[in-house]
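Here the structure comes first, spelled out in structure tokens, and everything after it is commentary.
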Amino acid sequence: MNARQTIIEFTAVIGVCVLLSAAFTAPWRPNGATIPTVYQGKAEFFAKIDASMWTYMLAWGAQHPEKFYDAPVLLPVRDPLVANDPRLTEGIWSIPLFRLLPPVPAWGITLWIGLVLTAAGCYYAGRILTGTRWGGAAVAVLFSFGMFRANHVCHVEGIFAPFLALSLAAMTRFLELPRKLNIIGFALALTAAVIEYSYTAVVLGVTLPPAYIYGIWRRKIPWRQALMPLLFTGALTVVILAPVALK
């Protein structure tokens, strides 16, 4: 595929993901008053409370980087970690949005971006793993928009879901061509997926090791070389989560 075809396909995929994400969060539009939610009826009340908590906590972390894990307790809970937990790290890339915009619009736009990147990441991971565009489309539909619990608009976990898909894609690239750059790319994507505190981490833990071992066995990559991205991932994860562990 030449560069022009790649750009056209990339644009088309992103456009479809944007439309799907907009439909998924409809009828919400960026504004300073309402929290986006897909729940209806009585469940909508609790969903908005949940989303409001995360909106406040992410806004606090963005405005107080020196006290990122020390947001005031939002609810009278027995274990304060329930209200002030390290899941703030999942929205760390959205800090600029929360510094530039009011909390509610920043939250909604962050979720839109998260859904778009999730669907796009799943498409390209599926395409690389299956070797066909239809395979990529199937993975995007089944994984990104089918895993409602991981991606619904009231939880921040969906923000990091694309790294799970991209780690699978990066793993495949590394197994096909185990160069240093591919090792680094695989390790970075895997680190981003591992450090998240969400339901998708369970999927990663179950699916990635068997696929990785099978790929090593089929391609006969030396074990020392195959362990490099895993060791790199472990080291990065320890460095990133050390402040959380101390808390």
Side-chain angles (χ1 to χ4, degrees), residues 1-40 44 47-48 50-51 54-55 58-59 62 90-130 132-170 185 188-189 192-193 196 198-200 203:
M1 181 182 294
N2 58 39
R4 184 172 179 271
Q5 289 177 320
T6 301
I7 294 174
I8 292 174
E9 180 180 348
F10 179 79
T11 303
V13 170
I14 294 297
V16 171
C17 293
V18 170
L19 293 176
L20 287 174
S21 300
F24 194 68
T25 55
W28 183 83
R29 297 293 182 273
N31 64 87
T34 60
I35 297 288
T37 175
V38 297
Y39 287 103
Q40 303 294 327
E44 184 177 0
K48 286 185 175 179
D50 188 22
W54 281 113
T55 300
L58 288 170
E90 297 186 11
I92 198 168
W93 66 267
S94 64
I95 284 178
L97 276 174
F98 279 93
R99 294 187 69 89
L100 293 173
L101 300 173
V104 173
W107 168 258
I109 294 172
T110 294
L111 290 168
W112 268 22
I113 294 173
L115 287 170
V116 170
L117 291 179
T118 297
C122 289
Y123 169 80
Y124 285 105
R127 182 181 167 183
I128 290 173
L129 292 171
T130 63
T132 66
R133 292 184 177 88
W134 285 110
V139 172
V141 172
L142 294 176
F143 184 81
S144 63
F145 287 96
M147 290 186 64
F148 175 78
R149 180 60 176 170
N151 291 314
H152 73 76
V153 296
C154 292
H155 275 88
V156 76
E157 282 87 346
I159 296 174
F160 263 49
F163 293 105
L164 177 61
L166 291 176
S167 67
L168 294 172
L188 291 176
E196 56 142 334
S198 76
Y199 314 99
T200 55
V203 181

* Asked: If every non-hydrogen atom of V139 is compared with every non-hydrogen atom of C122, which pair is closest and at what distance?
  -> CG1-O, 3.4 Å
* Where A120 and I14 come nearest, the two heavy atoms and their spacing -> CB-CD1, 3.7 Å
* Asked: Where do V104 and N31 come nearest, in terms of heavy atoms and distance?
  -> CG1-O, 3.5 Å
* Asked: Can you name the residues that form a side chain to side chain contact (heavy atoms under 4.5 Å, CB included) with P103, not counting sequence neighbours?
  -> T55, A59
* To do: Tell me yes or no: between the side chains of E9 and Y124, is some donor less than 3.5 Å from an acceptor?
  => no
